[in-house]
Amino acid sequence: MRPTPAPKTYRVKSFGCQMNVYDGERMAELLAQQGIAPAPEGEEADLVVLNTCHIREKAAEKVYSDIGRLRRDDGTSPLIAVAGCVAQAEGEEIMARAPAVSMVVGPQAYHRLPGMIAEAVAGRRAVDTDMPAETKFGALPARRKVGPGAFLTVQEGCDKFCTYCVVPYTRGAEISRPFAEIVAEAERLVEAGAREITLIGQNVNAWHGEDAKGGAIGLDGLARVLAELPDLARIRYTTSHPNDMTDGLIAAHGDNPKLMPFLHLPVQAGNDRVLRAMNRSHTVDSYLRILDRVRAVRPDIALSGDFIVGFPGETEAEFADTLKLVDAVGYAQCFSFKYSPRPGTPAATMADQIPAAVMDERLQRLQAALNRDQYAFNRASVGKRCTVLVERKGKLPGQWLGKSPWLQSVHFEGEAAIGDLVEVELVHAGPNSLGAVRVVGSPSRA
Ligand code: SAM
Ligand code: SF4
């Protein structure tokens with residue numbers, strides 16, 4: 001690789017989960033601190049960071065087509081850094097397969113990006129997939145500019161080892177960020193304009209720490225402390241594991257008014273044999289009992305989940321149990337995926353891998369049921385009054401888009417500004433969004 005001029009502009013492209021969105025924002029802040037500016041819309045950047053996802057094969061392969069697309073007519077490319085979970089899992093392999101890439105950096109090492117850029121400018125390719133003892137968080141610049149809804153990583157990694165999942169290998173062992181660090185970051189986010197904070201982690205409800213007095217607290221205690229920030233109006237958290245739904249966290253849905261009535265609690269499958277083979281360590285019944293308890297303290301809770309169809313050995317009858325579970329719960333929205341064998345995971349070498357056509361057909365049936373329930377949930381919301389956190393302008397003149405407490409997209413017309421919490425009445429339901437009218441005389445900031 002030849003020496004190249006130091007980059008003046010950057011673009012960060014993030015794929016996959018909210019953790020990647022968060023990491024992408026933090027990398028952008030880090031690059032800005034180095035005097036590298038975001039590339040203007042439509043213009044090529046001197047440095048492109050591809051912040052990748054390894055959760056399913058399709059997502060992982062995408063990085064190679066993206067690298068190809070960055071190649072210019074004269075055969076050269078901008079400086080390319082591959083970050084995220086593909087970087088962690090395939091480090092040296094990316095270097096061998098994609099000569100245009102000059103940096104490969106894992107999710108726990110991206111605070112070292114400035115040093116790697118200096119190496120790349122000097123003509124040396126660099127791979128850093130360490131999981132260093134010093135955490136990246138302490139090395140990142142303070143948060144300055146955010147939208148009304150911000151993500152805050154509180155927990156990373158996973159020790160659960162579901163048999164299909166790469167996360168324990170790519171994100172490493174489960175760690176909880178220290179309480180004081182999280183509170184300080186939340187304060188900065190609120191100062192920078194956030195009105196809603198979503199606490200994120202692969203297993204966010206496994207978060208635990210010590211409060212200011214040295215007492216042990218969990219996610220419910222953290223949410224209680226954050227609720228004391230006067231300008232913070234809403235708190236959410238994602239993604240949770242059923243085994244870490246503590247009594248305290250369930251109770252918080254009833255007694256912390258800033259905790260939004262929304263719970264993303266993946267179940268993956270509706271059959272106990274499949275759940276055991278997945279190493280999920282909960283049963284269908286224990287999962288449903290958690291939902292009952294949350295509904296008892298917060299009857300209007302919107303429920304969400306993740307599903308995998310076609311796990312090795314899943315029979316038609318076992319898949320039918322997943323559809324039964326969906327019918328029993330009535331989810332407000334969900335994610336559903338075809339099982340994707342991931343190298344190095346136990347499920348990838350299990351017998352009875354399900355043919356693609358069977359998975360396709362099961363996914364279609366599952367998604368039809370989930371879409372039906374999402375639309376039903378939206379229709380049942382019509383007539384409710386609620387606040388909407390305004391996130392951006394809509395396509396039509398005078399139209400605004402935002403989120404309801406139940407995480408539905410809502411559009412309305414009238415006077416408002418980004419970041420306002422506007423009182424509305426929901427008047428129209430579509431499959432993916434709702435229309436609302438402003439409640440006359442309501443304040444624009446609640
Ligand atoms: N920790 C969360 C939990 O256990 O529910 C989920 C985190 S994972 C990043 C997000 C979702 O990706 C999972 O809930 C699962 O549905 C899906 N997923 C993970 N591995 C997969 C695989 N090999 N094939 C298909 N979907 C997968
Ligand atoms: Fe993956 Fe399971 Fe950990 Fe979730 S709990 S991140 S699905 S191993």
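Note that the coordinates shown come from a computational prediction; the quantities given were computed from them, not determined experimentally. First listed ligand is number 1; within each ligand, the first listed atom is number 1.
Side-chain contact between Leu229 and Lys258: absent, with no pair of heavy atoms (C-beta onward) separated by less than 4.5 Å.
Listed by first and then second residue, the ring-ring contact (aromatic ring centres under 6.0 Å, His included) pairs that reach into residues 79-100 come to none, sequence neighbours excluded.
Using a cut-off of 4.0 Å between Lys/Arg side-chain N and Asp/Glu carboxylate O, Asp321 and Lys324 are scored as salt-bridged.
A cation-pi arrangement is not found for Arg26 relative to Tyr110, the charged atom failing to lie both closer than 6.0 Å to the ring centre and inside a 45° cone about the ring normal.
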Measure and list all N/O to N/O distances between ligand 1 and the protein that fall under 3.5 angstrom.
from: ligand 1; atom 1: 1 (N); to: Gln202; atom 2: O; distance (Å): 2.6
from: ligand 1; atom 1: 4 (O); to: Arg280; atom 2: NH1; distance (Å): 2.9
from: ligand 1; atom 1: 12 (O); to: Arg56; atom 2: NH1; distance (Å): 3.4
from: ligand 1; atom 1: 14 (O); to: Gln268; atom 2: NE2; distance (Å): 2.7
from: ligand 1; atom 1: 14 (O); to: Asp306; atom 2: OD2; distance (Å): 2.6
from: ligand 1; atom 1: 16 (O); to: Gln268; atom 2: OE1; distance (Å): 2.7
from: ligand 1; atom 1: 23 (N); to: Tyr164; atom 2: O; distance (Å): 2.9
from: ligand 1; atom 1: 23 (N); to: Ser340; atom 2: O; distance (Å): 2.8
from: ligand 1; atom 1: 24 (N); to: Ser340; atom 2: N; distance (Å): 3.0
from: ligand 1; atom 1: 26 (N); to: Arg56; atom 2: NH1; distance (Å): 3.3

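Side-chain atoms of Gln367 and Ser336 form a donor-acceptor pair, as typed in the model, at a separation below 3.5 Å. With hydrogens and angles left out, the side-chain atoms of Arg362 and Thr322 include no donor and acceptor closer than 3.5 Å.
Ordered by chain and residue number, the residues placing a heavy atom less than 4.0 Å from ligand 2 are Cys158, Lys160, Phe161, Cys162, Tyr164, Cys165, Val167, Pro168, Asn203, His241, Arg280.
The backbone N or O of Gln374 lies less than 3.5 Å from no partner atom in the side chain of Gln333, so there is not a single donor-acceptor pair.
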Which atom pairs, donor and acceptor, lie under 3.5 Å between side-chain atoms of residues 91-102 and protein residues at least two apart or in another chain?
from: Arg97; atom 1: NH2; to: Glu61; atom 2: OE1; distance (Å): 3.1

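Residue Arg71 places its CZ atom among 12 or fewer non-hydrogen atoms of other residues, nucleotides or ligands, all under 6.0 Å distant.
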